[in-house]
Amino acid sequence: MPADEPADLSVNDAEEAALLGLAPVAPSARERYGPHPSQVIDLYGPDGGPLVAVLHGGFWREAYDRVHLSPLAAALADGYGLRVALVEYRRVGGGGGWPGTFEDVGLALEHLRAAGEPRALAGHSAGGHLALWAASRALARCPVAAVSPVADLARAHGLGLSRGAVAELLGGPEHVAARLPEADPMRLPPPDPDTAPVVLLHGTEDADVPVELSRRYAAATGARLTELPGTGHYAPVTPGTAAFARLAEELARGA
């Protein structure tokens with residue numbers, strides 16, 4: 001789909017309803033990596049299984065937490081034998097934004113490394129942006145799967161995605177230009193393909209984060225992009241879909 005053609009909103013709406021209609025799944029364990037209520041990690045799956053860290057999306061806002069990805073974490077653990085660490089972090093409106101959200105990603109990955117280096121890192125939407133950011137900053141030293149990521153902050157800001165979410169993340173419109181060089185994966189050094197190879201999974205019908213952003217990132221960095229025809233924003237993180245199976249295969253291969 002050409003970048004200037006609107007994605008089908010009905011695809012996104014149906015996928016969002018399917019994901020949010022799934023019952024939350026309680027973790028098998030929970031760990032803290034800091035004193036803030038959002039500095040927690042939910043763990044799913046067997047002790048000793050290959051560790052996969054997951055960063056959720058929600059345009060970095062407090063209203064959206066990790067719970068909507070708990071079915072994904074449980075499905076990866078139950079179906080693929082992975083030890084899934086579903087990371088929460090401070091978000092805009094809850095003590096996050098610049099720089100707290102970014103600091104928390106580093107702190108969470110450091111905490112996980114105490115029990116062994118994660119074998120893979122996945123992030124969805126805003127979490128995909130944070131996963132790419134972590135890889136560029138050498139905070140992630142493992143394969144990275146960025147799903148429907150906000151991979152190009154400057155372009156996302158120019159498009160006004162989610163009513164100015166990028167400006168909110170960076171502390172206001174007046175700070176965007178100054179902070180993009182430290183926050184935008186497109187402005188940072190590309191991740192080392194030997195230590196943090198990146199795959200992007202992006203639906204061509206994504207109306208929340210246009211596939212154009214992943215195309216731009218892949219062209220600029222050489223990251224591998226897998227486009228998912230007919231797929232919107234939420235199917236890749238919804239257990240039972242073909243798009244989720246593609247993500248699970250990538251993570252199992254990396255782990």
[X] vs [Y] side-chain heavy atoms within contact, under 4.5 Å:
X      : Y      : answer
Ser162 : Asp208 : no
Val150 : Phe59  : yes
Val54  : Val87  : no
Leu43  : Glu31  : yes

Parallel, tilted or perpendicular, judged at 30° and 60°: which one describes the rings of Tyr33 and His111? tilted

Please determine whether the number of non-hydrogen atoms from other residues, nucleotides or ligands lying under 6.0 Å from atom [atom1] of [X] exceeds 12.
X      : atom1 : result
Arg246 : CZ    : no
Tyr80  : OH    : yes
Arg187 : CZ    : yes

Return yes if some donor-acceptor pair links the side-chain N/O of [X] with the main-chain N/O of [Y] below 3.5 Å, else return no.
X      : Y      : answer
Arg61  : Asp65  : no
Glu88  : Val40  : no
Arg119 : Pro50  : no
Thr221 : Ala223 : yes
Arg224 : Gly222 : no
Arg91  : Tyr64  : yes

Side chains of [Y] and [X]: any donor to acceptor distance under 3.5 Å?
X      : Y      : result
His233 : Asp206 : yes
Gln39  : Asp104 : yes
Tyr44  : Asp78  : no

With a 6.0 Å cut-off on ring centres, are His124 and His56 close enough? no

Any ring pair (Phe, Tyr, Trp, His ring centres under 6.0 Å) involving residues 165-219? Give me the pairs, sequence neighbours left out, ordered by first then second residue. none

Where do [X] and [Y] come nearest, in terms of heavy atoms and distance?
X      : Y      : value
Trp98  : Glu182 : CH2-CB, 3.6 Å
Thr231 : Ala243 : CG2-CB, 4.2 Å
Ala196 : Pro191 : O-CB, 3.6 Å
Leu247 : Pro236 : CD2-O, 3.4 Å

With rounding to the nearest 0.5 angstrom, report the [atom1] to [atom2] distance, [X] to [Y].
X      : Y      : atom1 : atom2 : answer
Leu19  : Thr238 : CG    : OG1   : 4.0 Å
Arg32  : Ser38  : CZ    : OG    : 8.5 Å
Leu188 : Leu132 : CG    : CG    : 10.0 Å

Quick one, Leu153 with Met186, criterion side chain to side chain contact (heavy atoms under 4.5 Å, CB included). Give me CA distance, side-chain angles, the key distance, then yes/no. CA-CA 8 Å; Leu153 283 193; Met186 288 282 284; over 6 Å; no

Determine, step by step, whether Arg83 and Val52 satisfy the side chain to side chain contact (heavy atoms under 4.5 Å, CB included) criterion, reporting the C-alpha distance in whole Å, the side-chain angles of both residues, the deciding distance to 0.1 Å, and the verdict. CA-CA 6 Å; Arg83 179 71 162 170; Val52 173; over 6 Å; no

Audit row: Leu86, Ile41, side chain to side chain contact (heavy atoms under 4.5 Å, CB included) steps and yes/no: CA-CA 6 Å; Leu86 182 55; Ile41 300 172; 5.9 Å; no

Under the side chain to side chain contact (heavy atoms under 4.5 Å, CB included) rule, what do Thr204 and Leu228 come out as? Steps first, then yes or no, please. CA-CA 6 Å; Thr204 60; Leu228 305 172; over 6 Å; no

